[in-house]
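Each remark here refers to the structure printed beneath this line.
Treat the numbers as computed from the prediction; the structure is a model and nothing was measured. Residue numbers start from 1 in every chain, and the chains themselves are labelled A, B, ... in the order their sequence lines are given, proteins ahead of strands.
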Amino acid sequence: MGLKFGPLSGKSLIKGKFFPRRRESFRPLSSVGASTSPNSDTLDVSVVSELIEKQQWSKVKTHLRYSNPIELLHHLMESEVDPELIFRYFNWSQRELNVSYSLELTCRLLHSLAHAKQYSKIRAFLDGFVKKNKEHSNFTIFHSLTMRDNTRVCTNSIIVDMLVLAYVKNSKTRLAFEAFKRAGDYGFKLSVLSCNPLLSALIKDNEIGYVEYLYKEMIKRRIKANLYTFNTVINGLCKVGKLNKARDLIQDMRAFGILPDVVTYNTLIGGYCKMGNLGKMYKADAVLKEMVANKVCPNEITYNILIDGFCKDENVLAAMKVFEEMRQQDLKPNVVTFNSLINGLCVEGKLEEACELRDEIFGFGLKSNVATYNALINGFCKKKMIKEAIELLDDIKKQGLLPNVITYNTLIDAYCKNEMMNEAFLLLSLMLEKGVFPSTSTYNSLIGGFCRQGNMEKARKLLAEMQDKCTKADLITYNILIDALSKKGETRNATRILKDMSKEGLNPTHLTYNTLIDGYCREGNLRAALNVRAQMENDGKRANIVTFNVLIKGYCEKGKLEDANRLLNEMLEKGLVPNRTTYEIVREEMMERGFVPDIEGHLSYVSGS
DNA sequence: CGGGTTGGAC
């Protein structure tokens with residue numbers, strides 16, 4: 001391997017301007033050995049590398065009088081110097097001499113590190129690199145990686161793998177995803193080791209569309225998916241309620257020779273438990289049976305998921321049965337188990353039983369935690385027993401526990417819902433005093449409180465304040481504002497908010513659109529209401545039962561009963577089943593005015609159910 | 001070569 005960059009004396013990149021060569025007048029004060037005496041303009045690489053190894057940086061510095069740092073790096077790389085030592089010099093010179101190396105040179109160093117299997121060094125470098133990197137796009141990075149033909153695609157792939165991982169670790173998921181996409185064009189073959197964390201990050205960001213894309217792309221590129229990959233993707237699908245797709249994936253994994261494990265089934269059971277619909281626990285139970293049939297043994301987490309599911313279904317009795325079964329299986333309940341049960345009792349309003357259960361935790365060799373108290377506080381708040389809830393705040397401290405953001409949010413929300421805004425703000429200052437940072441939920445409660453009072457000015461002010469503090473407004477924030485404005489008759493402003501949220505990259509839901517449609521209907525502006533419906537369907541969201549109810553009511557109130565009847569028929573054609581609200585509208589708004597709608601036949605069914 | 005999946009409270 002020849003010196004590509006020529007003898008150092010001839011091709012100084014900085015032309016001696018900043019590192020003037022004063023061969024005659026300069027003598028080092030000390031040196032490692034006789035040969036280190038800089039008496040020629042040829043640099044002895046072995047000497048410099050020895051200095052680097054001993055971390056004698058001031059001496060390395062003296063050698064830089066005869067060459068510049070970039071040349072020295074070139075020189076070290078052309079010699080057989082240990083890449084780890086070169087890397088040390090690279091870091092030191094960047095830090096202490098403020099040298100900035102070209103991307104190409106940096107990539108060459110990464111290659112030699114990869115070749116020497118110094119992977120942790122590459123990871124450390126890339127971590128720092130993505131933290132501060134503002135000037136290099138994935139495109140330029142990939143370009144630099146492939147510049148030299150003496151490198152292997154496989155070495156590059158490892159580096160790109162680690163780059164993706166570094167992006168993910170530094171919460172730059174968008175860049176990680178972009179790198180993944182581009183990697184395919186460059187022929188880099190990524191591995192599960194970066195794909196799996198990327199999948200998890202995308203799920204955390206609610207980017208399920210990208211999760212599905214990534215999964216399909218992995219199969220296409222023959223990146224070997226493993227059990228974690230499947231479990232992660234299944235988790236993503238469950239999070240957005242795509243349970244059928246999640247189940248299909250279990251078939252996919254079998255086709256790949258990977259068998260579902262306890263995590264797979266727990267995830268799927270959890271997915272069913274989190275659904276809001278009726279009979280969800282029946283489906284969750286079916287998965288449990290399937291799991292056992294496939295010889296996968298339920299663990300503590302399986303039972304906790306089921307117990308929580310039944311509790312959320314307001315069926316503490318069933319939850320208690322599962323709890324008993326759990327103990328029969330010799331599985332130990334933990335504090336999560338109890339918290340779920342306590343929460344279930346609280347939701348059913350059984351506060352005494354909930355408190356009793358809290359007292360039993362200790363007997364199981366367990367200690368209650370802040371979540372235990374949060375569940376209780378929530379129970380008292382929902383019964384409007386705010387004084388008792390506040391007293392629990394003292395109990396938390398007595399137990400040596402610390403209230404967290406959820407504790408404060410629960411109480412602030414209770415104050416806001418009971419029009420006690422002053423108390424709510426007192427708690428806000430208390431939490432700030434204690435160093436607990438308000439979350440989006442905190443602001444949502446406060447904004448909701450002002451909206452309830454019809455004080456839109458203060459609500460908007462809070463929205464601005466939260467954005468100032470980098471607390472992101474979420475879907476709920478916008479829904480609250482749109483709802484309040486619609487109900488106040490400020491539909492124009494509500495529409496403006498809808499536009500704002502889209503600008504923020506938040507997708508309006510059925511609820512968002514329906515709220516706005518309701519606002520226009522209340523104003524009697526049916527044309528605008530229909531426009532919003534069209535916009536919603538454009539957005540891929542089909543009118544649901546609420547949409548129709550709101551519109552039908554709007555038409556009835558304008559006396560346009562024929563049009564209301566037409567909507568009723570359309571609703572049935574679309575396979576939507578009228579609910580109680582539909583029935584009430586038809587009875588109160590249509591039949592009392594002597595109008596008999598076509599769907600009369602359906603009504604007896606609805607009213608009877 | 002390295003990383004990673006499931007459970008509780010607003």
Side-chain angles (χ1 to χ4, degrees), chain A residues 113-124 126 154-155 157-159 161-162 164-166 168-169 190-201 203-204 225-236 238-239 260-271 273-274 291 298-309 311-312 319 326 333-344 346-347 354 368-379 381-382 389 392 396 403-414 416-417 438-445 448 476:
Chain A
L113 282 169
H115 194 71
K117 300 197 189 302
Q118 293 284 342
Y119 298 108
S120 62
K121 298 283 185 303
I122 302 177
R123 268 173 57 208
L126 288 174
C154 145
T155 319
S157 293
I158 292 174
I159 296 170
D161 236 9
M162 289 178 163
V164 170
L165 211 53
V168 170
K169 279 211 185 108
L190 296 181
S191 73
V192 272
L193 299 153
S194 63
C195 292
N196 287 353
L198 179 54
L199 284 168
S200 300
I203 291 169
K204 220 188 269 157
N226 62 16
L227 181 60
Y228 286 98
T229 316
F230 284 104
N231 285 348
T232 306
V233 178
I234 289 172
N235 179 31
C238 285
K239 272 224 164 86
D261 71 343
V262 62
V263 176
T264 321
Y265 285 112
N266 285 352
T267 307
L268 198 58
I269 292 173
C273 286
K274 278 194 184 63
M291 167 179 189
N299 61 12
E300 288 89 346
I301 296 178
T302 320
Y303 280 98
N304 283 351
I305 292 168
L306 286 165
I307 287 170
D308 192 61
C311 286
K312 295 261 161 62
M326 176 179 190
N334 59 18
V335 66
V336 178
T337 323
F338 283 100
N339 289 350
S340 290
L341 287 167
I342 288 170
N343 183 48
C346 285
V347 168
S368 49
N369 62 15
V370 67
T372 320
Y373 283 92
N374 288 345
L376 288 170
I377 288 174
N378 186 39
C381 285
K382 289 285 132 67
L392 281 166
I396 292 180
N404 63 12
V405 63
I406 294 171
T407 320
Y408 289 109
N409 285 353
T410 310
L411 289 163
I412 287 174
D413 191 60
C416 291
K417 288 212 163 79
S439 66
T440 300
S441 277
T442 321
Y443 283 102
N444 286 349
S445 294
I476 298 173

Interatomic distance where [atom1] belongs to [X] and [atom2] belongs to [N] [whole Å]:
X      : N      : atom1 : atom2 : answer
A:I307 : B:dA9  : CD1   : C1'   : 16 Å
A:D161 : B:dC1  : CG    : C1'   : 9 Å
A:L268 : B:dG7  : CG    : P     : 13 Å
A:I396 : B:dC10 : CD1   : P     : 13 Å
A:I122 : B:dC1  : CD1   : C1'   : 9 Å
A:H115 : B:dC1  : NE2   : C1'   : 14 Å

What nucleic acid atoms does [X] come within less than 4.0 Å of, heavy atoms only: base, sugar-phosphate, or nothing?
X      : answer
A:S191 : base
A:T267 : sugar-phosphate
A:K274 : sugar-phosphate
A:N334 : base
A:V168 : nothing
A:I305 : sugar-phosphate
A:N226 : base

Heavy atoms from C-beta onward define the side chain here; which of [options] lies closest to that of [X]?
X      : options              : result
A:K169 : B:dA9, B:dC10, B:dG3 : B:dG3
A:N304 : B:dG7, B:dT5, B:dC10 : B:dG7
A:K382 : B:dG2, B:dC1, B:dC10 : B:dC10
A:L193 : B:dA9, B:dG4, B:dG2  : B:dG2
A:V263 : B:dT5, B:dC1, B:dG4  : B:dT5
A:N343 : B:dG7, B:dG3, B:dA9  : B:dA9
A:T410 : B:dC10, B:dC1, B:dT6 : B:dC10
A:N196 : B:dG4, B:dA9, B:dC10 : B:dG4
A:N374 : B:dA9, B:dG3, B:dC10 : B:dA9

Practice item. List in numerical order all residues of residues 228-235 of chain A for which some heavy atom is under 4.0 Å away from an atom belonging to DNA chain B. Key: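 Only A:Y228, A:N231, A:T232, A:N235 qualify.
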Check your understanding: Would you say A:K312 reaches B:dA9's phosphate, i.e. side-chain N/O to OP1/OP2 under 4.0 Å?
Key ->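 Answer is yes, contact under 4.0 Å.
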Can you list everything that forms a side-chain hydrogen bond (donor to acceptor under 3.5 Å, both in side chains) with [X]? Sequence neighbours excluded, please.
X      : answer
A:K204 : none
A:N343 : none
A:T264 : A:N231, A:D261

**Study point:** salt bridge (charged side-chain N to carboxylate O under 4.0 Å, His left out) involving A:K121 - partner list, sequence neighbours excluded
**Key:**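 A:K121: salt bridge (charged side-chain N to carboxylate O under 4.0 Å, His left out) contacts with A:E84.
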Exercise for review: Name all residues meeting the salt bridge (charged side-chain N to carboxylate O under 4.0 Å, His left out) criterion together with A:K239; count only those two or more places apart in sequence or in a different chain, and write none if there are none.
Suggested key: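 Partners of A:K239 under the salt bridge (charged side-chain N to carboxylate O under 4.0 Å, His left out) test: none.
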Point to revise | A:N409 CG to A:T440 OG1 distance, which is reported to the nearest 0.5 Å | key: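 Separation between the atoms: 9.5 Å.
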Exercise for review: Kindly compute the distance separating OG (A:S200) from CG (A:N235), expressed to the nearest 0.5 Å.
Suggested key: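 These two atoms lie 8.0 Å from each other.
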Check your understanding: B:dA9 base to A:N404 side chain: any donor-acceptor pair below 3.5 Å?
Key ->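 By the distance-only test, yes, there is a pair.
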Exercise for review: Could you verify whether a donor N or O on one side chain and an acceptor N or O on the other, from A:S441 and A:N444, lie under 3.5 Å apart?
Suggested key: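 The answer is no; no qualifying pair exists.
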